[in-house]
Amino acid sequence: MSYALVRQVRLDPDAYARATGLHPQVVGRLVALGLLEPVRNARGELCFMPAQVAAAARIQRLHEGLSINYAAIGVVIDLLDRIGELEAALRDRPTTTQGG
């Protein structure tokens, strides 16, 4: 059996709301919409991994910068992620030269 040497940092919903600048009710709404993915701690309580802070920042940029509503942000994020994957695949693809 193996044990983690370092305890993972997790934020409770209130700490997460403070870290992201979002109102706790907005955090709950984003979780309900599937835009944020909390995990459960040993006591079964919701908590957030630090990477979810970056996810909240991305959501806020789309919502405030482009005036996209929260319900549509999921589709936009999926499309942006897919574009990123396709661009990475193109970069990693071996180039072929044309001609004789």
Side-chain angles (χ1 to χ4, degrees):
M1 179 178 280
S2 63
Y3 296 95
L5 296 176
V6 177
R7 186 175 169 190
Q8 289 185 335
V9 175
R10 294 181 178 167
L11 303 169
D12 66 52
D14 289 332
Y16 182 78
R18 284 191 304 274
T20 59
L22 293 172
H23 190 278
Q25 289 179 337
V26 173
V27 172
R29 182 172 182 208
L30 296 177
V31 169
L33 289 170
L35 297 174
L36 295 176
E37 300 173 5
V39 294
R40 296 212 177 260
N41 63 17
R43 293 182 298 236
E45 301 165 335
L46 288 181
C47 56
F48 295 86
M49 303 301 285
Q52 290 292 294
V53 175
R58 187 180 197 193
I59 291 166
Q60 286 178 287
R61 283 193 307 274
L62 291 170
H63 180 68
E64 294 171 8
L66 298 176
S67 299
I68 299 173
N69 67 38
Y70 289 128
I73 286 176
V75 173
V76 173
I77 287 174
D78 288 344
L79 291 172
L80 290 172
D81 289 345
R82 182 65 180 139
I83 290 168
E85 291 169 7
L86 292 170
E87 288 176 339
L90 282 175
R91 278 192 304 273
D92 295 342
R93 187 175 68 168
T95 58
T96 58
T97 57
Q98 293 184 352

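Fair warning: this is a prediction, and the values are worked out from it, not measured in the lab.
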**Report entry** Co-membership, hydrophobic cluster, residues Val26 and Val31, 4.5 Å side-chain
**Finding:** yes
Query raised in the report: Ile59, Leu33: one ILVMFWY side-chain cluster at the under-4.5 Å cut-off?
Result: yes
Query raised in the report: Is it the case that one hydrophobic cluster holds both Val53 and Leu35, taking links as side-chain heavy atoms less than 4.5 Å apart, direct or via other members?
Result: yes
Query raised in the report: For the atom pair CZ (Arg29) and CG (Leu22), what is the distance rounded to the nearest 0.5 Å?
Result: 12.0 Å
Query raised in the report: Do side-chain atoms of His63 reach the backbone of Ile68 as a donor and acceptor pair under 3.5 angstrom?
Result: yes
Query - Shortest non-hydrogen contact from Leu80 toward Arg58 - result: CB-NH2, 3.3 Å
Report summary line: In short, Pro13 meets Phe48 closest at the heavy-atom pair CA-CE1, 4.0 Å
Query - Minimum-distance pair of heavy atoms, taken over all atoms of Leu36 and Gln52 - result: CA-OE1, 3.4 Å
Query raised in the report: So with a 6.0 Å cut-off around CD of Gln25, is the heavy-atom count from everything else above 12?
Result: no
Requested in this report: Determine whether Leu66 and Val76 fall in the same hydrophobic cluster, where Ile, Leu, Val, Met, Phe, Trp and Tyr are linked whenever their side-chain heavy atoms lie under 4.5 Å apart.
Outcome: yes
Requested in this report: Working to the nearest 0.5 Å, report the span between CG of Asp81 and CG of Leu86.
Outcome: 11.0 Å
**Report entry** Steps toward side chain to side chain contact (heavy atoms under 4.5 Å, CB included) verdict (Met49, Leu11)
**Finding:** CA-CA 6 Å; Met49 303 301 285; Leu11 303 169; over 6 Å; no
Query raised in the report: Do the side chain of Glu45 and the main chain of Arg40 share a donor and acceptor less than 3.5 angstrom apart?
Result: no
Query raised in the report: How many angstroms lie between atom CG of Leu46 and atom CZ of Arg10, to the nearest 0.5 angstrom?
Result: 11.5 Å
Query raised in the report: Would you call Arg18 and Asp12 a salt bridge, using N to O less than 4.0 angstrom?
Result: no
Query raised in the report: Just by modelled atom types, is the Val27 backbone N or O under 3.5 Å from a matching donor or acceptor in the Tyr16 side chain?
Result: no
